[in-house]
Amino acid sequence: MSTTVNDDRARAQAPASHAAASINSADRSFADYQTRHLLPIVRGITRAGCVAYAAAILIGLAADVIEISLLWRVIVVALAIGASAAALERERAQQGWVAYAFMFLCVYEIGIGVFASANTLGVAWVIPAFAMMPVVTSTAWMSYRHFAAATVITVTAPFVTFALLHASKIDLYELLTYVFTATITSAVIHVYFSRLQHAHYQLERKLLEQAHTDDLTGIFVRQRFHELADLAVRRAQHRGEAVSALFIDVDRFKSINDAFGHLVGDAALVLVATALQDRLRPIDVFGRLGGDEFAVVLPNCRAHTAMQVAQRLRAAVAGLDSPAGQLTISVGVAEMRDSAFGLIGLLDDADVALLAAKAAGRNRVEFFQAPE
Ligand SMILES: Nc1nc2c(ncn2[C@@H]2O[C@H](COP(=O)(O)OP(=O)(O)OP(=O)(O)O)[C@@H](O)[C@H]2O)c(=O)[nH]1
């Protein structure tokens, strides 16, 4: 599953008014989740189906009920079953594997019918196989629509087969009884499995959001910031674009805590984080590194522009109306010097510049000066 910086920002940081806009991306990620969790189940079912068909042929031959003159039919259809299972093994794209799952189902239903046509016991032998199909495949479908389509196939195919092979009335009644029961059972399994899947997906999302965002300020925590910033730096380097970073620290924050208490200190941190975030672009990666330290990675941004952004952020914080009196920040700015440096090198440079800003008196922006 690929997560873009924008998707992640939208999920983790979007205000409620943007919630509707992210519905589509939520749907997309549920489909990704299903591919992650459902595809192994579907592949397991198709592998088991291949083994079951091969076993049925061998048992049929051992029991001497397969008509040797018609053996080719069964073998041809067995190869088709194997081919559609093999296609499913290779496909990961959602549209593709769903299509192959339906193809496998159709070929398998035909395979059961062909098996009935090539053995001396006729349809009686395959009634359990037809009845098992809805139950066995009940968990494989991504939506109620897909499940309904699969049900139409698993219910229709045996009756078409029985009509073509002129099954007796008693066989038809037997089939009807089992397929009816199996279809109801499969619907129950599918509904409960889907609900479970949805609940698990929502829980997974919630836990990820909690793990990725700082509960005080609502912005990315250090680890997530590093992951997304690293991605942004690599992407910029791959495209040959400039990338810059800001290292930000609130000035004399300890004295704010000491003078006003930690609750007011917390409120000041929220004010600062919100003011900074509001002035950044959606593609910028912004995180809290810990305490009163923040960092920003600015993709496609040269030193000159990064300095302007930093000055804008500094001025915005200095203009905040805070219960802790005037708040100020110091900002260190650096532009990626050498592609071999990577994110860590870039942040190190910005950190050195931040120390220079602190040393020069705070409430300042300093650019990293590379040693001669
Ligand atoms: N209220 C509050 N305080 C925090 C939090 N995390 C860290 N701190 C405090 O933030 C202060 C950070 O101080 P420093 O950055 O070391 O120093 P400073 O006072 O800001 O001084 P300079 O950085 O040199 O300007 C410490 O006193 C921490 O206890 C938090 O989540 N809430």
Side-chain angles (χ1 to χ4, degrees), residues 8-9 11-15 206-229 244-280 284-298 306-334 343-369 371:
D8 229 344
R9 280 185 73 107
R11 261 214 315 273
Q13 303 180 342
K206 197 169 154 196
L207 288 176
L208 268 181
E209 266 176 33
Q210 280 173 358
H212 288 168
T213 52
D214 171 39
D215 59 353
L216 178 66
T217 58
I219 63 172
F220 292 133
V221 292
R222 182 187 195 92
Q223 190 203 349
R224 190 59 180 160
F225 166 77
H226 273 269
E227 284 169 5
L228 295 179
S244 300
L246 314 180
F247 216 110
I248 302 166
D249 190 278
V250 182
D251 295 328
R252 305 201 193 286
F253 192 65
K254 186 175 177 323
S255 60
I256 292 174
N257 275 334
D258 292 345
F260 300 95
H262 273 77
L263 281 183
V264 172
D266 284 354
L269 282 178
V270 174
L271 270 177
V272 170
T274 310
L276 298 178
Q277 191 187 323
D278 286 351
R279 284 158 186 84
L280 293 169
D284 298 331
V285 186
F286 176 44
R288 183 182 178 197
L289 300 187
D292 59 349
E293 270 182 9
F294 301 88
V296 186
V297 162
L298 304 159
M307 285 297 283
Q308 289 177 338
V309 173
Q311 284 294 4
R312 210 168 54 225
L313 298 181
R314 189 202 57 75
V317 172
L320 285 174
D321 185 14
S322 153
Q326 198 199 11
L327 298 168
T328 61
I329 54 170
S330 297
V331 187
V333 183
L343 173 69
I344 300 301
L346 178 65
L347 289 177
D348 273 352
D349 288 352
D351 193 17
V352 170
L354 171 65
L355 291 177
K358 290 277 183 186
R362 295 176 175 78
N363 192 18
R364 297 176 61 88
V365 173
E366 288 290 335
F367 189 76
F368 171 73
Q369 303 298 331

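All residue numbers in this chain count up from 1 along the given sequence. Atoms within a ligand are numbered from 1 in the order they appear, just like the ligands themselves.
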### Task
Please work out which of Arg362, Glu293, His262, Arg288 has its closest non-hydrogen atom nearest to atom 24 (O) of ligand 1.
Arg362
### Message
What's the separation between atom CG in Leu228 and atom CG in Asp284, rounded to the nearest 0.5 Å?
### Response
12.5 Å
### Summary
Quick note on ligand 1: atoms under 4.0 Å from a heavy atom of Lys254 include exactly 18 (P), 19 (O), 20 (O), 27 (O)
### Task
Give the atoms of ligand 1, by number and element, whose distance to some non-hydrogen atom of Gly265 is under 4.0 Å.
1 (N)
### Query
To which protein heavy atom is atom 3 (N) of ligand 1 closest, and what is the distance rounded to 0.1 Å?
Asn257 ND2, 2.9 Å
### Message
Any protein heavy atom at under 4.0 Å, with atom 1 (N) of ligand 1 as the reference point?
### Response
yes
### Summary
Taking only non-hydrogen atoms of Leu269 and a 4.0 Å limit, the atoms of ligand 1 in range are 30 (C), 31 (O), 32 (N)
### Message
For atom 10 (O) of ligand 1, what is the closest protein heavy atom, and at what distance to 0.1 Å?
### Response
Phe253 CD2, 3.2 Å
### Query
Does Arg288 reach the main-chain N or O of Gly291 with its side chain, forming a donor-acceptor pair under 3.5 Å?
yes
### Distance filter under 4.0 Å to Asp251 heavy atoms, resulting ligand 1 atoms
25 (O)
### Query
How many angstroms lie between atom CG of Leu343 and atom CG of Asp348, to the nearest 0.5 angstrom?
9.5 Å
### Message
Exactly one of Leu269, Ile329, Leu289 should register a side-chain contact (heavy atoms from CB on, under 4.5 Å) with Phe294. Which one does?
### Response
Leu269
### Message
Do the side chains of Asp251 and Lys358 get close enough for a salt bridge, i.e. N-O under 4.0 angstrom?
### Response
yes
### Query
Is a salt bridge present between Glu209 and Lys206, judged by a nitrogen-to-oxygen distance below 4.0 Å?
no
### Message
Which residue in the set Leu271, Leu276, Val250, Thr328 passes side-chain contact (heavy atoms from CB on, under 4.5 Å) when paired with Val317?
### Response
Leu276
### Query
Under a 4.0 Å heavy-atom limit, does Val250 contact ligand 1 with its side chain, its backbone, both, or neither?
backbone
#### Entry: Residue and atom name of the nearest protein heavy atom (relative to atom 6 (N) of ligand 1), distance in Å to one decimal
Gly291 CA, 3.2 Å
### Query
Can you tell me which residue and heavy atom of the protein come closest to atom 22 (P) of ligand 1, and the distance to 0.1 Å?
Lys358 NZ, 3.4 Å
### Message
Can you confirm whether more than 12 heavy atoms, excluding those of Arg279, are under 6.0 Å from its CZ atom?
### Response
yes
### Summary
For Asp266, the atoms of ligand 1 under 4.0 Å from one of its heavy atoms are 1 (N), 2 (C), 30 (C), 31 (O), 32 (N)
### Query
Side chain, backbone, both or neither: which part of Asp249 has a heavy atom under 4.0 Å from ligand 1?
side chain
#### Entry: Closest approach of any protein heavy atom to atom 14 (P) of ligand 1, naming residue and atom
Asp292 OD2, 4.1 Å
### Task
Please examine the side chains of Asp349 and Phe247, heavy atoms only from C-beta on, and report whether any two atoms are closer than 4.5 Å.
no
### Summary
One should read off an interatomic distance between Asp249 CG and Glu293 CD, to the nearest 0.5 angstrom, of 5.0 Å
### Query
So, for atom 16 (O) of ligand 1, does the protein have a heavy atom nearer than 4.0 Å?
no
